[in-house]
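Just so you know, these numbers use all the heavy atoms, side chains as well, and skip hydrogens, waters and symmetry mates.
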Amino acid sequence: MKRVFGVKKDKEPPPSLNDASDRINKRGETVDEKIKRLDAELARYKEQIKRTRPGPAQEAVKARAMRVLKQKRMYEGQRDMLYNQTFNLDQVAFASEGIKDAQQTMTALKSANKELKGMMKTVKIQDIDNLQDEMMDMMDVSNEIQESLGRSYSVPDDIDEEELMGELDALEADMGMETESDGVPSYLQPDKEPDLDSELNLPSAPTGQTAMPAGRSSTQAEDELGLPAVPRASLRG
């Protein structure tokens, strides 16, 4: 059967936008190269026209320059047409990419919407409100417990605050007077020891030599207090 009818050939896929754009760009580059060569040839003819005198030779150069100029104009028209085709292909490609992006965005949004719906089924506003109310009640109970534990047992409830303020002001005034007089509060000053000598009215010890009575030799021994020394014989009795 294959020998009779032959084998069906697979059709080639149609060219994509990128393929068509690349092909047109290559043609445009080829046309640009031709236009550059024609520009160089025209510049050479212009120099020849300047150097030659009016006459048949100059007319021949002008004719060749006119032919090159016509070719240049034709290639420029083709280049403009190729540029327009490339521009149209780019616009179509941009539109196609935009549609693909929109499709991906819609797919992502649908997936996210489905996921959010599943999550919202597990979360309820009423449950959140109830949880918040329970937390507020627990905080109130905690504050009451702290206040109860911080209550003072030794302070009576019927204390007059104005009387306490009066005592505090008087205490501050006394402390201010002591500080201004001595510079140091009385409760910080050292204790003063009593003067025992003034209380017993004892005579003060002599500080110098005592006067010698008349008729007593000055060579008599004296003790450490400046008094006549007692003879040793008298001590024996």
Pairs of donor and acceptor atoms involving the side chains of residues 31-53, under 3.5 Å and at least two apart or interchain, shall be tabulated with distances.
unit_1 : atom_1 : unit_2 : atom_2 : d
D32    : OD1    : R79    : NH1    : 3.4
D32    : OD2    : Y83    : OH     : 3.0
D39    : OD1    : K72    : NZ     : 2.6
E41    : OE2    : Y45    : OH     : 2.9
T52    : OG1    : Q48    : O      : 3.0
T52    : OG1    : I49    : O      : 3.4

Not counting sequence neighbours, which residues clear salt bridge (Lys or Arg N to Asp or Glu O under 4.0 Å) with R73? List them please.
E76
Taken in chain and number order and not counting sequence neighbours, the residues that satisfy side-chain contact (heavy atoms from CB on, under 4.5 Å) with D90 are S21, T86, F94
Return the CD to CG distance between Q146 and L149, rounded to the nearest 0.5 Å.
6.0 Å
Listed partners of K26 passing side-chain contact (heavy atoms from CB on, under 4.5 Å), at least two apart
none
What pairs of donor and acceptor atoms, side-chain ones from residues 126-137 against any protein atom, are under 3.5 angstrom apart with sequence neighbours left out?
unit_1 : atom_1 : unit_2 : atom_2 : d
Q126   : NE2    : N130   : OD1    : 3.3
N130   : ND2    : Q126   : O      : 3.1

A side-chain contact here means heavy atoms from C-beta on lying under 4.5 Å apart; do R64 and R67 qualify?
yes
Atom CD1 of I24 and atom CD of E29: how far apart are they, to the nearest 0.5 Å?
12.5 Å
Using a 6.0 Å cut-off, check whether atom CE of M81 has over 12 heavy atoms from anything other than its own residue.
yes
Listing, residues 101-122 side-chain donor-acceptor contacts under 3.5 Å, not counting sequence neighbours, or none:
unit_1 : atom_1 : unit_2 : atom_2 : d
T105   : OG1    : D101   : O      : 2.7
T107   : OG1    : Q103   : O      : 2.9
T122   : OG1    : M119   : O      : 2.7

Does some side-chain heavy atom of M66 sit less than 4.5 Å from a side-chain heavy atom of K70?
yes
